[in-house]
Q: 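I am attaching a structure below and will ask some questions about it afterwards.
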Amino acid sequence: MSLDQDTVKNIAYLARIRVEEDKLEPLAGELSAIMGWIEQLQELDTDGVEPMASVVNVSLPQRKDVVNDGDCRDAVLKNAPDNEDGFYTVPKVVE
Amino acid sequence: MSDLTKLTIAQARDKLAAGECTSVELTQAYLKAMEAGRDLNAFITETPELALQRAKASDDRRAKGESLGAMDGIPVAIKDLFCTDGVLTTAGSHILDGFTPAYESTVTANLRDAGAVMLGKTNLDEFAMGSANITSYYGEVKNPWVGADGKDLVPGGSSGGSAAAVAGRMAMAATGTDTGGSIRQPASFCGITGLKPTYGRCSRWGTIAFASSLDQAGPMTQTVRDAAIMLQAMAGHDAKDSTSAPMDVPDFEAALTGDIKGLKIGIPAEYKMDGMDAEIQALWDQGIEWLKAQGAEVVDISLPHTKYALPTYYIVAPAEASANLARYDGVRYGLRVEGDSLDDMYMNTRGEGFGHEVKRRILMGTYVLSSGYYDAYYIKAQKVRTLIAADFTKAFEDVDAILTPTAPSAAFALGEKQEDPVAMYLNDVFTVPASLAGLPGISIPAGLNAAGLPLGLQILGRPFDEETVLKVAGVLETSAGFTLHSGVED
């Protein structure tokens, strides 16, 4: 599987990672090499095999729907690059 | 070099109990060793004040007859992937600049509550992605062992700082995390013991996530006994991690009976790879002889899907990483690089904040999860993962443990294998299959190669059967008679 520059540009946008134009080509080459190596999986017949999402073979535990944490707004906000009046801030998104 | 920094946890426990040394004395000896060993870059953050405060509290408890047990007063290093309350936590990444958690990970809280003394936070590959500890924003880590040609060597990764700290006698033991080999491979490269428990044995809560279906914390120590003692303190069910196993923690140290008579040890044919290093093959053969000599029965087994484990891992782990690392958006913590719009800010922050290997893996993960490729790659890999796990399940119907080499080579020189990502990924060829199956595995130092560098052997066990893994490892350790001598002291 070979990835071209446009594909890399697209997945970089999907992942919200800025990649400079001159880095697209080398990155496409690296990712193509890795995906090419991964391609060997296609030779395996996996028809009828269940996909494994977790090795933990139990259904996830349930708990009562009650508040069991919280009241720590300031501690949580403390690490924000910027905050105002108890909120996180972001660049303006609505005109 | 102080004799105090040569003690194992088991020895220090006994000396502390006998009043032959104090935790403050031990801690001071290690703080001095950390300072002297800064050239290795094993630590990102040193926490001497906190360490001395906890050591003093430990000594005070002991004086009152209120010792908390084997780990009370033991100085340990913590991989900088565990969130620590009030102490900078970086994951080796620029994007977590200045992040100081307001909470403590369950594993480090368990250690703290058992009285362990945190010396500092150890260096690692960025977000635990790497096999040489060369991708950290805080610089590469050097292995305390030096090659015959005098070249600086990598410590392995991703828990390279933890391995270097223990091998360099800058911590009595350390925590690591293992997603595809990140405890076992650096343990092998640095001549120490590294145990990856069964997935679910240790809580993942508060440990910065890489690939959530694989990540597992474990101890990195000088001896198998120390690994048993330290895991005891780290492990246990935690309601805050829904994948943590609701099981009692057995007495791991009690498993070290030294008696492996009649145990069946499997030797997987598929791990004998073409072009395998002759010294590693010889050490593996030696390991088989040691186990036979102690009464174990050695059985040839087959794990037919072994060769597909690495490609499977390099779909599953990046896919999970791309989701987990979506949280680094410049809003809630760490680095923010401003932009004209919200999207622009995200892209600038993530473009600048992540290093090359992390970006590469996020992009791979995004690609295999993207529309049109999801079934062909991600679902395919999950199906192959089922087959790999089934190989082990079948093998463990006939054997009690499996013996393999830990890594395909000894520690290599800094700067090697950096250009070709696939060559770097192959470091984990023997460790990744068990990670995909969630099995416990340990690496113990079993010998030296011709260049005088340590080589590890790996023992794998059934899910939640760390006891057999430890028992077999203890016997191998005794047979190998390996003693830590990384050239930094003695």
Side-chain angles (χ1 to χ4, degrees), chain A residues 1 3 7-8 10-20 23 27-28 30-31 33-63 68-69 72 74-83 88-93, chain B residues 98-102 199-200 213 239 242-243 245-246 305 307-308 311-312 314-315 322 329-336 338-348 350-352 354 359-360 362-364 366-367 370 376-377 379-387 389 421-422 436-438 463:
Chain A
M1 188 70 203
L3 284 77
T7 308
V8 174
N10 183 43
I11 57 175
Y13 174 69
L14 290 175
R16 299 296 189 274
I17 292 177
R18 171 93 55 226
V19 178
E20 302 304 330
K23 297 280 164 51
L27 201 48
E30 289 168 23
L31 294 173
I34 297 168
M35 293 310 297
W37 168 70
I38 284 172
E39 203 66 23
Q40 57 181 297
L41 291 184
Q42 303 306 331
E43 73 196 37
L44 266 180
D45 180 4
T46 51
D47 280 354
V49 178
E50 276 297 307
M52 175 185 269
S54 167
V55 295
V56 180
N57 215 358
V58 291
S59 50
L60 290 178
Q62 303 204 324
R63 64 166 176 82
N68 60 9
D69 201 355
C72 51
D74 292 346
V76 169
L77 278 176
K78 181 175 63 85
N79 275 297
D82 187 41
N83 70 80
Y88 294 114
T89 65
V90 294
K92 196 170 177 180
V93 286
Chain B
F99 175 56
T100 308
Y199 182 83
S213 79
S242 61
T243 60
H305 296 92
K307 73 175 254 204
Y308 300 106
T312 300
Y314 277 98
I315 291 177
S322 75
D329 57 3
V331 175
R332 289 162 294 172
Y333 26 66
L335 182 74
R336 170 184 292 194
E338 297 298 345
D340 294 338
S341 65
L342 183 58
D343 258 355
D344 219 36
M345 187 277 282
Y346 289 153
M347 294 189 74
N348 291 343
R350 292 163 63 81
E352 200 165 304
F354 291 131
K359 282 184 201 166
R360 196 153 56 196
I362 292 175
L363 293 177
M364 277 160 59
T366 305
Y367 180 66
S370 63
Y377 290 111
I379 296 294
K380 180 80 183 182
Q382 286 193 317
K383 288 180 172 183
V384 181
R385 188 175 179 186
T386 301
L387 297 175
V422 174
L436 289 169

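Atoms considered below: every heavy atom in the structure, side chains included; atoms not considered: hydrogens, waters and symmetry mates. Every chain is numbered from 1, with letters handed out A, B, ... down the list of sequences. Everything numeric here is computed off the predicted structure, so don't read it as measured data.
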Q: Which one, B:Tyr333, B:Tyr308, B:Phe354, leads in non-hydrogen pairs under 4.5 Å with chain A?
A: B:Tyr308
Q: Who among B:Ser213, B:Ala102, B:Ser242 has the most heavy-atom pairs with chain A under 4.5 Å?
A: B:Ser242
Q: Looking at A:Thr89, A:Val93, A:Asn68, A:Asp69, which makes the most heavy-atom pairs under 4.5 Å with chain B?
A: A:Thr89
Q: B:Ala437 versus chain A, heavy atoms under 4.5 Å apart: side chain, backbone, both or neither?
A: backbone
Q: At a heavy-atom separation under 4.5 Å, does A:Lys78 approach chain B through its side chain, its backbone, both, or neither?
A: side chain
Q: Measuring from A:Ile11:CD1 to B:Met364:CE, what's the distance to the nearest 0.5 Å?
A: 10.0 Å
Q: Mind checking salt bridge (charged side-chain N to carboxylate O under 4.0 Å, His left out) for B:Asp343 and listing every partner two or more places apart, or none if nothing turns up?
A: A:Arg16
Q: Closest heavy-atom contact between A:Pro81 and B:Gly334?
A: CG-O, 3.3 Å
Q: With a 4.5 Å cut-off on side-chain heavy atoms, are B:Tyr314 and A:Met35 touching?
A: no
Q: Among B:Leu363, B:Asp329, B:Thr312, single out the residue with the greatest number of heavy-atom pairs under 4.5 Å to chain A.
A: B:Leu363
Q: Report yes or no: does B:Thr386 contribute a side-chain atom to a donor-acceptor pair with the main-chain N or O of A:Glu50 at less than 3.5 Å?
A: yes
Q: Which atom pair, heavy atoms only, marks the closest approach of A:Ile17 to B:Met347?
A: O-CE, 3.6 Å
Q: Can you tell me how far the OH atom of B:Tyr367 sits from the CD1 atom of A:Ile34, to the nearest 0.5 Å?
A: 12.5 Å
Q: What residue in A:Asp82, A:Val19, A:Leu44 has the most heavy-atom pairs under 4.5 Å with chain B?
A: A:Leu44
Q: Has the side chain of B:Glu352 got a donor or acceptor atom that lies under 3.5 Å from a matching backbone atom of A:Arg18?
A: no
Q: So A:Leu27 and B:Lys359, side chain to side chain contact (heavy atoms under 4.5 Å, CB included) or not? Walk me through it.
A: CA-CA 10 Å; A:Leu27 201 48; B:Lys359 282 184 201 166; over 6 Å; no
Q: What part of B:Pro101 is in contact with chain A, defined as an atom under 4.5 angstrom from a non-hydrogen atom: side chain, backbone, both or neither?
A: backbone
Q: Given a strict heavy-atom distance threshold of 4.5 Å, which part of B:Ser341 is in contact with chain A: side chain, backbone, both, or neither?
A: backbone
Q: Which bit of B:Val422 comes within less than 4.5 Å of chain A, counting heavy atoms only: side chain, backbone, both or neither?
A: side chain
Q: Once rounded to the nearest 0.5 Å, what's the spacing between atom CD of A:Glu39 and atom OH of B:Tyr377?
A: 4.0 Å
Q: Output the option from B:Met345, B:Arg385, B:Arg336, B:Arg332 having the highest count of non-hydrogen pairs under 4.5 Å with chain A.
A: B:Arg332
Q: Do you know which of A:Val90, A:Asn83, A:Leu41 has the most heavy-atom pairs under 4.5 Å to chain B?
A: A:Leu41
Q: A:Glu30 versus chain B, heavy atoms under 4.5 Å apart: side chain, backbone, both or neither?
A: side chain
Q: A quick test of your reading: do over 12 heavy atoms of other residues, nucleotides or ligands sit less than 6.0 Å from CD of A:Glu43?
A: yes
Q: If we count only N and O atoms by modelled type, under 3.5 Å, do the side chains of B:Lys380 and A:Thr46 hold a donor and an acceptor together?
A: yes
Q: In Å and rounded to the nearest 0.5 Å, what is the CG to CD1 distance from A:Leu14 to B:Ile362?
A: 13.0 Å
